[in-house]
Q: 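My questions all concern the structure below.
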Amino acid sequence: MATKRDLPVMAQIYLEDRQRYFSWVLNPQLTDLVAETKRERLIVALIDDQVVGFAALYELISFVHLLFVAPQSQQQGVGLVLIKALRRMAREPLTLKCVQRNSSALAFYQQIGFVITKDNQYATPPNFTLKLVHPDWN
């Protein structure tokens with residue numbers, strides 16, 4: 001579980017990723033993470049006691065609202081550790097949305113067992129809804 005101590009690092013990871021890749025978000029702020037995750041369960045991934053990633057789960061519908069990994073910690077299994085932890089907390093199969101042009105995230109989700117259930121091509125930004133149907137942790 002995330003603690004108040006973890007929030008500044010989580011907020012920085014979130015802000016930097018949004019500034020880099022989320023062109024549709026106007027003027028992202030450090031305070032956005034707290035504002036956008038009310039009523040969600042936040043978890044962190046740690047390497048050497050340092051926050052390297054986090055996820056937010058809206059438990060009522062088992063929806064993964066956010067999953068972010070610091071750039072220097074990507075491709076090290078952090079995302080999978082977060083998904084496994086969320087799956088243990090969820091009452092139903094996990095669902096999430098992935099921006100269509102985020103091909104690396106989409107490939108990751110599909111590799112571990114998520115399938116596209118809806119093409120939201122007219123949303124801003126265009127995205128896919130995915131559901132964890134066939135978990136493959138190998």
Q: Just checking Arg20: does its CZ atom have more than 12 heavy atoms from other residues, nucleotides or ligands closer to it than 6.0 angstrom?
A: yes
Q: Measuring from Gln110:CD to Cys98:SG, what's the distance to the nearest 0.5 Å?
A: 8.5 Å
Q: Looking at residues at least two apart in the chain, or sitting in another chain, which of them share a salt bridge (charged side-chain N to carboxylate O under 4.0 Å, His left out) with Glu59?
A: Arg41
Q: Which heavy atom of Ala35 sits nearest to which heavy atom of Lys38, and what is that distance?
A: O-CG, 3.9 Å
Q: As an exercise, state the distance from CG of Leu82 to CD1 of Ile43, rounded to the nearest 0.5 Å.
A: 5.0 Å
Q: Do Val69 and Leu46 belong together in a cluster built from hydrophobic side chains that touch within less than 4.5 Å?
A: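 No, it is not one cluster - the side chains of Val69 and Leu46 are not joined through contacts under 4.5 Å.
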Q: Is the closest side-chain heavy-atom distance between Asp119 and Gln100 below 4.5 Å?
A: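 Yes, their side chains come closer than 4.5 Å.
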Q: In terms of hydrophobic clustering (I, L, V, M, F, W, Y; side-chain heavy atoms under 4.5 Å; direct or indirect links), are Leu106 and Tyr21 co-clustered?
A: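 No: no chain of side-chain contacts under 4.5 Å links Leu106 to Tyr21.
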Q: Please report the interatomic distance CD1(Ile13) to CG(Leu15), rounded to the nearest 0.5 Å.
A: 11.0 Å
Q: Would you say the side-chain atoms of Thr129 pair up with the backbone N or O of Thr117, donor to acceptor, closer than 3.5 Å?
A: no
Q: Should the ring pair Tyr109 and Phe114 be called parallel, tilted or perpendicular, given that the plane angle runs from 0 to 90° and is split at 30 and 60?
A: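 Ring orientation, 0 to 90° scale: perpendicular.
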Q: Would a single hydrophobic cluster contain both Leu33 and Val44, if residues Ile, Leu, Val, Met, Phe, Trp and Tyr are joined by side-chain heavy-atom contacts under 4.5 Å?
A: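 Same cluster.
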Q: Do Gln76 and Val52 come close enough that some side-chain heavy atom pair is under 4.5 Å?
A: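 Counting from C-beta outward, Gln76 and Val52 never come under 4.5 Å.
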Q: Without swapping roles, check the side chain of Asn102 against the backbone of Ala105 for a donor-acceptor pair under 3.5 Å.
A: yes
Q: So does Gln121 have more than 12 non-hydrogen atoms from other groups sitting under 6.0 Å from CD?
A: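 Yes, CD of Gln121 has more than 12 neighbouring heavy atoms, counting only those of other groups under 6.0 Å.
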Q: For Leu66 and Thr37, work out which heavy atoms get closest and say how close.
A: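 Scanning both residues completely, I find the closest heavy atoms to be CD1-CG2, 3.5 Å.
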Q: Using the rule that two of Ile, Leu, Val, Met, Phe, Trp, Tyr join whenever any of their side-chain heavy atoms come within less than 4.5 Å, decide whether Met10 and Tyr14 are in one cluster.
A: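 Hydrophobic grouping puts Met10 with Tyr14.
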Q: Would you check if the side chain of Gln29 reaches a backbone N or O of Asn27 as a donor-acceptor pair within less than 3.5 Å?
A: yes
Q: Given Leu86, which partner from the list Leu96, Leu57, Leu132 fulfils the side chain to side chain contact (heavy atoms under 4.5 Å, CB included) test?
A: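 Passing option: Leu57.
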Q: Roughly how far, to the nearest 0.5 Å, is the CD atom of Gln74 from the CZ atom of Phe108?
A: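 Here the interatomic distance stands at 10.5 Å.
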Q: Please report the closest heavy-atom contact between Ser62 and Arg91, naming both atoms and the distance.
A: OG-N, 3.4 Å
Q: Output yes when a side-chain donor or acceptor of Gln19 lies under 3.5 Å from a complementary backbone atom of Pro28, and no otherwise.
A: no
Q: Aromatic ring centroids of Tyr58 and Phe63 under 6.0 Å?
A: no
Q: Using the rule that two of Ile, Leu, Val, Met, Phe, Trp, Tyr join whenever any of their side-chain heavy atoms come within less than 4.5 Å, decide whether Leu42 and Val78 are in one cluster.
A: no
Q: Which is it for His65 and Arg39 under the side-chain contact (heavy atoms from CB on, under 4.5 Å) test, yes or no, and what are the steps along the way?
A: CA-CA 11 Å; His65 176 213; Arg39 299 183 191 88; over 6 Å; no
Q: What distance do Leu60 atom CG and Glu40 atom CD have between them, rounded to the nearest 0.5 Å?
A: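 Leu60 atom CG to Glu40 atom CD measures 11.0 Å (nearest 0.5 Å).
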Q: How long is the straight-line distance from CG of Leu80 back to CG of Leu67, given to the nearest 0.5 Å?
A: 10.0 Å
